[in-house]
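Predicted, not measured: the structure shown is a model, and the values here were computed from it.
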Amino acid sequence: MGQGGGGAGNGAAGFTGFIPLILMFVIFYFLLIRPQQKKTKEHREMIASLKKGDRIVTSGGIYGRITGIDEATLTVEIADKVRVKIARGNVGARLQATSPEPVEKKP
């Protein structure tokens, strides 16, 4: 019987209950989601800029030098005359830019 005038007050109280959820989402966005998106974008740019001669580390921890590039794969030399093909997405990091290797002379 006395509940007729309380309808407007419940709407405001319901919205106030969502404020902590909204604040949690904003905090998660700035602390987790946004940095991950930035890291993903930088990784995509690094993969797109790879070229022959670059030294890389794969996501599996294999070090090598790029000797061939295809649209989806890279040919990586991991030892003398040992070459493997890997997917572009498996490149973890680029170690250094292209530079000629010094030739070692054997006595």
Side-chain angles (χ1 to χ4, degrees):
M1 297 231 188
Q3 297 173 356
N10 283 341
F15 178 72
T16 347
F18 283 115
I19 290 178
L21 291 174
I22 293 170
L23 288 175
M24 283 177 44
F25 177 75
V26 169
I27 290 170
F28 275 121
Y29 177 77
F30 283 107
L31 292 179
L32 298 174
I33 299 171
R34 189 169 177 220
Q36 185 63 36
Q37 288 176 340
K38 184 178 178 183
K39 185 177 177 182
T40 303
K41 181 181 176 186
E42 289 173 355
H43 187 256
R44 263 187 283 140
E45 291 172 353
M46 184 267 302
I47 288 175
S49 68
L50 291 174
K51 56 188 175 288
K52 276 186 173 182
D54 284 349
R55 293 195 171 279
I56 61 167
V57 176
T58 66
S59 57
I62 298 174
Y63 287 76
R65 184 176 50 89
I66 298 175
T67 58
I69 297 178
D70 195 0
E71 285 184 32
T73 61
L74 300 171
T75 304
V76 179
E77 185 173 18
I78 58 175
D80 289 336
K81 298 180 183 178
V82 178
R83 294 181 179 178
V84 294
K85 284 194 172 206
I86 63 167
R88 277 185 178 252
N90 287 337
V91 175
R94 181 183 352 195
L95 297 177
Q96 66 185 32
T98 305
S99 63
E101 288 188 28
V103 178
E104 294 181 21
K105 294 183 180 178
K106 295 182 180 179

Minimum heavy-atom distance between Pro20 and Gly17, given as atom pair plus value:
CD-O, 3.4 Å
Partners passing side chain to side chain contact (heavy atoms under 4.5 Å, CB included) against Ile19 (at least two apart in sequence or in another chain):
Phe15, Thr16, Leu23
Going only through I, L, V, M, F, W and Y residues with side-chain contacts under 4.5 Å, is there a path from Phe25 to Ile22?
no
Single-linkage hydrophobic cluster, 4.5 Å side-chain cutoff, Val57 and Val82 together:
no
Working to the nearest 0.5 Å, report the span between CD1 of Ile62 and CD1 of Ile86.
8.0 Å
Say whether, by atom type as modelled, one donor and one acceptor occur between the side chain of Thr58 and the main chain of Asn90 under 3.5 angstrom.
no
Considering all heavy atoms, the nearest Tyr63-Leu95 contact:
CD2-CD1, 3.4 Å
Any salt bridge (Lys or Arg N to Asp or Glu O under 4.0 Å) pairs touching residues 66-79, not counting sequence neighbours?
Arg65-Glu77
Should Met24 and Tyr29 be regarded as members of a common hydrophobic cluster, given that ILVMFWY residues are connected when their side-chain heavy atoms come within less than 4.5 Å of each other, either directly or indirectly?
no
Could you pull out the closest heavy-atom pair between Arg88 and Ile69, with the gap in Å?
NH2-CG2, 2.7 Å
Shared hydrophobic cluster, Ile33 / Val26 (ILVMFWY, side-chain heavy atoms < 4.5 Å):
yes
Name every donor-acceptor pair, under 3.5 Å, that has one atom in a side chain of residues 35-50 and the other anywhere in the protein, sequence neighbours excluded.
{"from": "Thr40", "atom 1": "OG1", "to": "Gln36", "atom 2": "O", "distance (Å)": "2.8"}
{"from": "His43", "atom 1": "NE2", "to": "Val91", "atom 2": "O", "distance (Å)": "2.8"}
{"from": "Ser49", "atom 1": "OG", "to": "Glu45", "atom 2": "O", "distance (Å)": "3.3"}
{"from": "Ser49", "atom 1": "OG", "to": "Met46", "atom 2": "O", "distance (Å)": "3.1"}
{"from": "Ser49", "atom 1": "OG", "to": "Arg94", "atom 2": "NH2", "distance (Å)": "2.6"}

